[in-house]
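Bear in mind that the values here come from a model prediction, so they are computed numbers and not experimental data.
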Amino acid sequence: MLSFIPLSFVHLCNVTAAQKLQATTFPFVAFVALQPPRASAFMGTSSRTSSSPSLTILSRHQGPATPTSAPTSARSLTDHITHQLLPRVIPFLETLRLSAAARARDRALREEQDAAFRESARRDREKEAHRIEEARRTAELEKAAMERQRAADETRARISDARDRWRRECRHRLIPLEEPLNVDPIRITIRLPDGQRLVRLIARTSTVTSLYCLVDAHFIPTDGTGEEIGTTATESNLRELVHSSGQPAEVWWGFSLFTAYPRKSIPWQPVIRLAEVGLGNGGQIVAEIASKEGEKTDQDEEGYDTEKSE
């Protein structure tokens with residue numbers, strides 16, 4: 001930036017400034033601009049370029065116009081500015097402008113980098129918070145799964161203990177006794193899951209429960225003494241025991257019964273006599289092991305294992 005200061009303005013602003021400009025005659029015009037600081041004889045170029053620029057008096061013009069000269073006339077000042085001042089100050093002022101622009105670019109770049117760093121830090125915090133939340137949810141799910149598994153194990157153990165106790169204490173009282181031939185018994189042939197055949201003469205008034213107990217006793221024998229311990233061996237009590245387990249009847253028993261031919265399921269129901277399921281005159285029965293989901297193993301209609309089950 002190039003400035004000129006008229007004498008009247010200097011006197012109005014500050015007498016000391018007028019003295020600094022060495023204004024002694026009216027009219028007076030001085031041109032000032034930012035210039036590199038003057039270096040002493042002992043200072044190198046690096047020291048000069050690293051210093052701040054200073055406001056420097058470039059020229060002074062004073063005195064009234066005379067026949068031979070007019071130092072403060074408009075034409076003289078214009079010519080002085082065009083041919084002397086501007087060529088002198090423009091290179092340095094351009095250097096200052098470029099330096100300021102470079103500093104502005106550096107500042108903008110630093111601000112952009114700082115903003116990018118803050119955004120990256122924010123995303124990292126969000127990722128960490130998300131990871132912690134996911135770990136917390138995973139831990140809660142695993143804990144809930146473990147609790148469900150423990151509850152299921154406890155339930156299975158309780159059901160198994162109750163079933164084993166029933167087998168030791170009560171089952172033998174519900175197994176039908178083999179009837180002599182002179183009392184008109186019915187003949188029941190049962191193919192067990194292990195391939196053995198059980199033939200039994202039992203009373204016509206026997207129930208489906210007694211048939212299931214007979215198979216259960218041969219399929220899963222116990223070493224119990226047969227003594228009751230506070231439990232009455234009735235089909236009603238057995239119904240309550242099966243119902244309280246929350247399992248299908250075939251899962252509780254561990255097997256299902258079918259007529260051999262025609263193949264027909266004999267579902268367990270308490271207090272149902274054999275005649276009510278078509279076995280009033282006896283018959284052939286197939287016992288099939290049931291899975292945990294209540295599914296039976298693959299067997300053909302005659303009660304023999306298929307190739308898939310081998």
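- Across all non-hydrogen atoms, the minimal contact from Gly63 to Thr25 is CA-CG2, 3.7 Å.
- Residue Arg158 places its CZ atom among more than 12 non-hydrogen atoms of other residues, nucleotides or ligands, all under 6.0 Å distant.
- For Arg131, the salt bridge (Lys or Arg N to Asp or Glu O under 4.0 Å) criterion is met by Glu128, not counting sequence neighbours.
- A search for side-chain hydrogen bond (donor to acceptor under 3.5 Å, both in side chains) contacts involving Glu154 returns nothing, not counting sequence neighbours.
- Pro248 places none of its side-chain heavy atoms less than 4.5 Å from the side chain of Trp253.
- In this structure, Asn281 and Arg204 have side chains that are in contact, with non-hydrogen atoms separated by less than 4.5 Å.
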Steps toward side chain to side chain contact (heavy atoms under 4.5 Å, CB included) verdict (Thr189, Arg187): CA-CA 7 Å; Thr189 302; Arg187 180 187 180 93; 4.2 Å; yes
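- For residues 211-221, the set of pairs meeting the salt bridge (charged side-chain N to carboxylate O under 4.0 Å, His left out) definition, not counting sequence neighbours, comprises Arg167-Asp216, Arg171-Asp216.
- Val215 places none of its side-chain heavy atoms less than 4.5 Å from the side chain of Ile285.
- Here Tyr212 contributes atom OH and Leu257 contributes atom CG; the two are 4.0 Å apart, rounded to the nearest 0.5 Å.
- Taken together through direct or relayed side-chain contacts under 4.5 Å among Ile, Leu, Val, Met, Phe, Trp and Tyr, Trp166 and Val271 form parts of separate hydrophobic clusters.
- With sequence neighbours excluded, the residues forming a side-chain hydrogen bond (donor to acceptor under 3.5 Å, both in side chains) with Glu134 are Arg137, listed by chain and number.
- In this structure, Arg60 contributes its side chain and Leu21 its backbone to a donor-acceptor pair below 3.5 Å.
- Partners of Arg273 by salt bridge (Lys or Arg N to Asp or Glu O under 4.0 Å), not counting sequence neighbours: none found.
- Residues forming a salt bridge (Lys or Arg N to Asp or Glu O under 4.0 Å) with Arg200 (at least two apart in sequence, or on another chain): Glu178.
- Note that the CD1 atom of Ile159 and the CD atom of Gln247 stand 4.0 Å from one another [nearest 0.5 Å].
- Without hydrogens or angle criteria, Ser120 side chain to Ala116 main chain gives no donor-acceptor distance under 3.5 Å.
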Verdict with supporting geometry, Arg239 and Thr209, side chain to side chain contact (heavy atoms under 4.5 Å, CB included): CA-CA 10 Å; Arg239 175 172 52 193; Thr209 298; over 6 Å; no
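- To the nearest 0.5 Å, atoms CD (Gln284) and OG1 (Thr259) are separated by 10.0 Å.
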Side chain to side chain contact (heavy atoms under 4.5 Å, CB included) between Ile202 and Ile186, worked out: CA-CA 6 Å; Ile202 61 177; Ile186 60 174; 3.8 Å; yes
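- Counting heavy atoms from C-beta on, the side chains of Trp268 and Leu238 come closer than 4.5 Å.
- Expressed to the nearest 0.5 Å, how far CG of Asp153 lies from OG of Ser160 amounts to 12.0 Å.
- Identified under the ring pair (Phe, Tyr, Trp, His ring centres under 6.0 Å) test for residues 57-81, with sequence neighbours left out: Phe31-His61, Phe31-His80, His61-His80.
- Trp252 pairs by the side-chain hydrogen bond (donor to acceptor under 3.5 Å, both in side chains) definition with nothing, not counting sequence neighbours.
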Chi angles and distances behind the side chain to side chain contact (heavy atoms under 4.5 Å, CB included) call for Ile188, Leu214: CA-CA 11 Å; Ile188 297 293; Leu214 177 62; 5.6 Å; no
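- Nearest heavy atoms, Gln35 versus Thr56: CB-OG1, 3.5 Å.
- Using a cutoff of 4.0 Å between basic side-chain nitrogens and carboxylate oxygens, Glu119 and Arg122 are scored as salt-bridged.
- Once rounded to the nearest 0.5 Å, the distance linking CZ of Arg156 with CZ of Arg163 reads 11.5 Å.
- Among all heavy-atom pairs drawn from Pro71 and Leu77, the shortest one is O-CD2, 3.7 Å.
- Here the side chain of Ser245 pairs a donor or acceptor atom with the backbone of Val242 at under 3.5 angstrom.
- The closest side-chain heavy-atom distance from Ile57 to Val32 is below 4.5 Å.
- For Thr205, there are no side-chain hydrogen bond (donor to acceptor under 3.5 Å, both in side chains) partners two or more places apart in sequence or in a different chain.
- The OG atom of Ser206 sits 10.5 Å away from atom CG of Leu279, with the distance rounded to the nearest 0.5 Å.
- Using modelled atom types, no side-chain atom of Ser256 and backbone atom of Glu288 make a donor-acceptor pair closer than 3.5 Å.
- Here the side chains of Val208 and Gln269 are not in contact, with every heavy-atom distance at 4.5 Å or above.
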With a 3.5 Å cut-off and sequence neighbours excluded, list the donor-acceptor pairs that the side chains of residues 101-114 form with protein atoms.
residue : atom : partner : partner atom : Å
Arg103  : NH1  : Ser99   : OG           : 2.7

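- Every residue meeting the side chain to side chain contact (heavy atoms under 4.5 Å, CB included) condition with Glu142, not counting sequence neighbours, appears here in chain and number order: Thr138.
- Within the structure, the salt bridge (charged side-chain N to carboxylate O under 4.0 Å, His left out) test picks out the following pairs touching residues 70-94 (sequence neighbours left out): Glu94-Arg97.
- Lys264 has its side chain out of reach of Val277: every pair of non-hydrogen atoms, C-beta onward, lies at least 4.5 Å apart.
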